[in-house]
Amino acid sequence: MTVAAFALGAPGHVRAGDNGAAVAPSSIAGVGTDGRTLDIVTRGARPGKDQKPQTRQTRAIYDPAGGQDGRNLPRPDLPLCANWRGGPRGTLLPAGPGGSGLPQPGRHGLIGLGYSKACERTEAVLQFSTRGDRFFARGTIYSEDVGAYRAPEGPLVRSDRERLSYSLGAGLVGRNGSFLSFDARRLERDRILFQGNATGADTRRFDVEGYDLAGTYVLDGSGATRLRVEGRFNRIDRINDNFSFRGPPPTRSEVRLDRETVDVLAVIDGGGAGFIWTLGIEYASDQRDGTRYQGPALTPQSPNYADARVASTALTAEGTWTLAPESRLKTGLRLDHVDARLGDIDRSGMLTGGGATPTPRQMFAATYGYGGEGRKSETNLGAGLRFERDFNGQQGQLFAGLTYTPRTADPRERYLTSFTPATAPQIFSTWIGNPDLDPERHAMLEVGGNTSRGPWTLAGRAYADWVEDFILWDRARGQAGVTRADNVNIYRNVDAFIAGLEAKATYRWDNGVWAGAEVWLTHGENTTDNRPIAQIPPAEAALKLGWKGKTISVEGTWHLVAKQSRLDNDFVTGSGADGDGRGGALAAGYGSLDLAANWSPRPNTILSLGVANVFDKDYIQLIERMDIDDPFKINPTAPGRSLWAGATIRF
């Protein structure tokens, strides 16, 4: 076991993912001696869960400390079409510009093609790398085209998007495993049509430019063994409007967003047989500037992010003590200083009919009684302790852990402002961030275990998370700390309790047949207001049956999702983030069957074929929203029976 297997959740920030949403925390990433990338997630992680997945570990679908965009984890096992969720299941997911680790020695490449009837999705990827004794180079190009789809016995659902991403990198390699690499990447999207009704906005342009620097220097000393450094920079240019791909709107509207994220870190590994350790320092910054323009001349109407920035500097320490050959104790500390500010708090705009819109300062004062300058500093301490014990000849493991994980508010929760006049029909689309939010503080207890014995593979994990100052997207109703009661979108701190249970079991017969099951139970309660937390996954199970031969494998998965009886689906009494926001449930339980087959005629070639939603089930997924920031855009019906196919060739 290495220190890289221990991850301490602590004060965090978010960075832009492939779809531009804030989807994940920064990571301390290094490269192991075998060339694999090792990720130490430094915010919201749970010791032992965030290491490289193993077949006998459970698969999490919810992260309590993940923030508004990161709590419901990506689900490539489901045939989704919403652009922020990734798309339907296929052979190339996930695909993108590659990573920052060392490529394998020699020349290697991958060619992949995929198609899915769900969303009329086509994709292609080409990757290559060459590595000699002292130098390596690599590159990736990925293309995706997604179209509209027809729901079972229903209307056509618009869900169009095009994506092109490519990257090129090179580096130097030392004989002792040291290396230094630099990668440049770019993502281009010129058309993203959001699902649902004809009203609303789409994305006309979405460009992401990024640069990655990574390196490892192997040390010869008896104490420290390795120095790792990594830097990542993203620049995002996004434009949304309501006129490029739709009919003439009542009022032309356009939102322009510029965003830059920076992650820089340095880590030292060391130790010996009985104790190994890691010390690190990290700097991260998320800066956003956005404005909404309206009217025939697209005049600046409302600032969305008036030069908003949240930055953090952290010191981390992790250690693993080997107590006995079969047991170990892992500990971690993280001290994080956060500096947040809104650089242009007095920026204003102009209404289409004349008159100035309120500035962020005025909106904060009218909503929270806030009298500050848009600046806030925090110093947060995170800690973790985890005990692991192996059994069954190291084929099984029991573990128990306790973590204390602060999560600071991101720029959207602190500083997003979007003003809509009270006379407009979209009054409830007004958004007002809260610059005085306290950081979430998660005290999580988890226990679990896994084993592989004979034909059986078993795993389970349970956790309970007591959250102080949970950051809640809510509606203004004169709550404590809220001075207005007109149901506009706000953010506030509440206390919460979140718990979950994950379990899986697999049995394999000697003839290649296997059967398995997975189950997930998640519970979330806003204990301040005594109501459910929105967007909590309902009870879910997956029953699987398959067969694996030398070159052919087949698999069937029956997804079972219970009716969600605990909803925050009415903006009059809660946030309205579930269902249609007006009390509509949209939460009936359902079951869908997926079939898949793989054929490998050659060792490096895989041909795949599958059918999603075999029985053409008409259902709506609670978590798949068209745009999770607008509770009045209801969830669309999921795709019906869909054939998908793909092929990958490695060389």
Side-chain angles (χ1 to χ4, degrees), residues 9 12 14-25 41 43-46 49-50 53 58-89 93-94 195 405 407 410 412-413 440 442 444 461 463 465 467 470-473 496-502 518-526 532-542 559-569 574-579 581 586-587 589-590 619-631 633-636 638:
V14 291
R15 59 181 171 83
D18 179 66
N19 65 355
V23 296
V41 180
R43 196 279 318 125
R46 289 172 293 281
K49 187 186 80 66
D50 296 291
T58 56
R59 176 165 56 96
I61 63 172
Y62 192 81
D63 176 7
Q68 184 174 329
D69 286 322
R71 294 185 189 116
N72 282 287
L73 301 175
R75 297 290 304 274
D77 59 318
L78 300 180
L80 309 182
C81 283
N83 80 83
W84 65 277
R85 271 298 177 196
R89 181 176 179 175
L93 281 177
Q195 296 173 341
T405 307
R407 184 190 75 85
D410 65 36
R412 178 174 61 183
E413 295 162 331
E440 294 180 355
H442 296 257
M444 179 181 289
R461 172 178 171 265
Y463 65 87
D465 184 15
V467 193
F470 183 86
I471 299 173
L472 181 72
W473 161 28
F497 174 73
I498 303 173
L501 175 66
E502 306 159 2
E518 292 182 88
V519 64
W520 299 271
L521 301 174
T522 312
H523 173 86
E525 178 76 6
N526 171 353
I533 294 174
Q535 295 292 286
I536 293 288
E540 181 179 344
H559 293 281
L560 298 172
V561 180
K563 178 180 180 179
Q564 177 62 292
S565 59
R566 293 174 46 81
L567 292 167
D568 183 2
N569 66 334
S575 71
D578 287 332
L586 296 179
Y590 63 89
Y619 67 93
I620 296 174
Q621 295 172 353
L622 173 70
I623 303 302
E624 183 188 2
R625 304 191 64 84
M626 294 175 301
D627 182 346
I628 201 169
D629 283 347
D630 190 338
K633 294 181 178 178
I634 62 174
N635 296 19

S.K.: What distance do L501 atom CG and T522 atom OG1 have between them, rounded to the nearest 0.5 Å?
M.R.: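 Taking CG in L501 and OG1 in T522, the distance rounds to 9.0 Å.
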
S.K.: To the nearest 0.5 angstrom, please state how far the CH2 atom of W473 sits from the CD atom of Q535.
M.R.: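 Taking CH2 in W473 and CD in Q535, the distance rounds to 7.5 Å.
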
S.K.: Could you report the tightest heavy-atom contact between I620 and Y590, atom names first, then the distance?
M.R.: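 So the minimum-distance heavy-atom pair works out to O-CE2, 3.9 Å.
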
S.K.: Would you compute the distance between atom CD1 of I498 and atom CG of D63 and round it to the nearest 0.5 angstrom?
M.R.: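 One finds 9.0 Å between CD1 of I498 and CG of D63.
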
S.K.: Which heavy atom in P537 sits nearest to a heavy atom in I61, and how many Å separate them?
M.R.: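 Heavy-atom minimum between the residues: CB-CD1, 4.0 Å.
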
S.K.: Could you give the distance from CD (E518) to NE2 (H559), rounded to the nearest 0.5 Å?
M.R.: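 E518 CD to H559 NE2: 9.0 Å, rounded to 0.5 Å.
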
S.K.: With side chains defined as the heavy atoms from C-beta onward, is the minimum distance between Y619 and V561 less than 4.5 Å?
M.R.: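 Sidechains of V561 and Y619: no contact.
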
S.K.: When you check the side-chain N and O atoms of H523 and E525, is any donor under 3.5 Å from an acceptor?
M.R.: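 There is no such pair (donor and acceptor under 3.5 Å, judged by atom type) between the side chains of H523 and E525.
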
S.K.: After noting the C-alpha distance and the side-chain angles of I471 and R407, does the key distance pass the side chain to side chain contact (heavy atoms under 4.5 Å, CB included) rule?
M.R.: CA-CA 9 Å; I471 299 173; R407 184 190 75 85; 3.6 Å; yes

S.K.: So if I apply the side chain to side chain contact (heavy atoms under 4.5 Å, CB included) rule between Q564 and each of N569, L622, D578, which one comes out positive?
M.R.: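 Only one option passes, and that is L622.
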
S.K.: Quick one: pull up OH in Y62 and CG in N72 and give me the separation to the nearest 0.5 Å.
M.R.: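 One gets 6.0 Å once the value is rounded to the nearest 0.5 Å.
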
S.K.: Using modelled atom types only, decide if a donor and an acceptor are shared between the side chain of D568 and the backbone of S575 within a distance under 3.5 Å.
M.R.: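 A pair under 3.5 Å: yes.
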
S.K.: Carefully, step by step, assess N526 and I533 under the rule side chain to side chain contact (heavy atoms under 4.5 Å, CB included).
M.R.: CA-CA 6 Å; N526 171 353; I533 294 174; 4.2 Å; yes

S.K.: Give the minimum heavy-atom separation between M444 and P64, together with the two atoms involved.
M.R.: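 Between these two residues, the closest heavy atoms are CE-CG, 3.8 Å.
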
S.K.: Taking W520 for its side chain and R59 for its backbone only, find out whether a donor-acceptor pair lies under 3.5 Å.
M.R.: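 Indeed, once roles are kept as given, a pair shorter than 3.5 Å links the two residues.
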
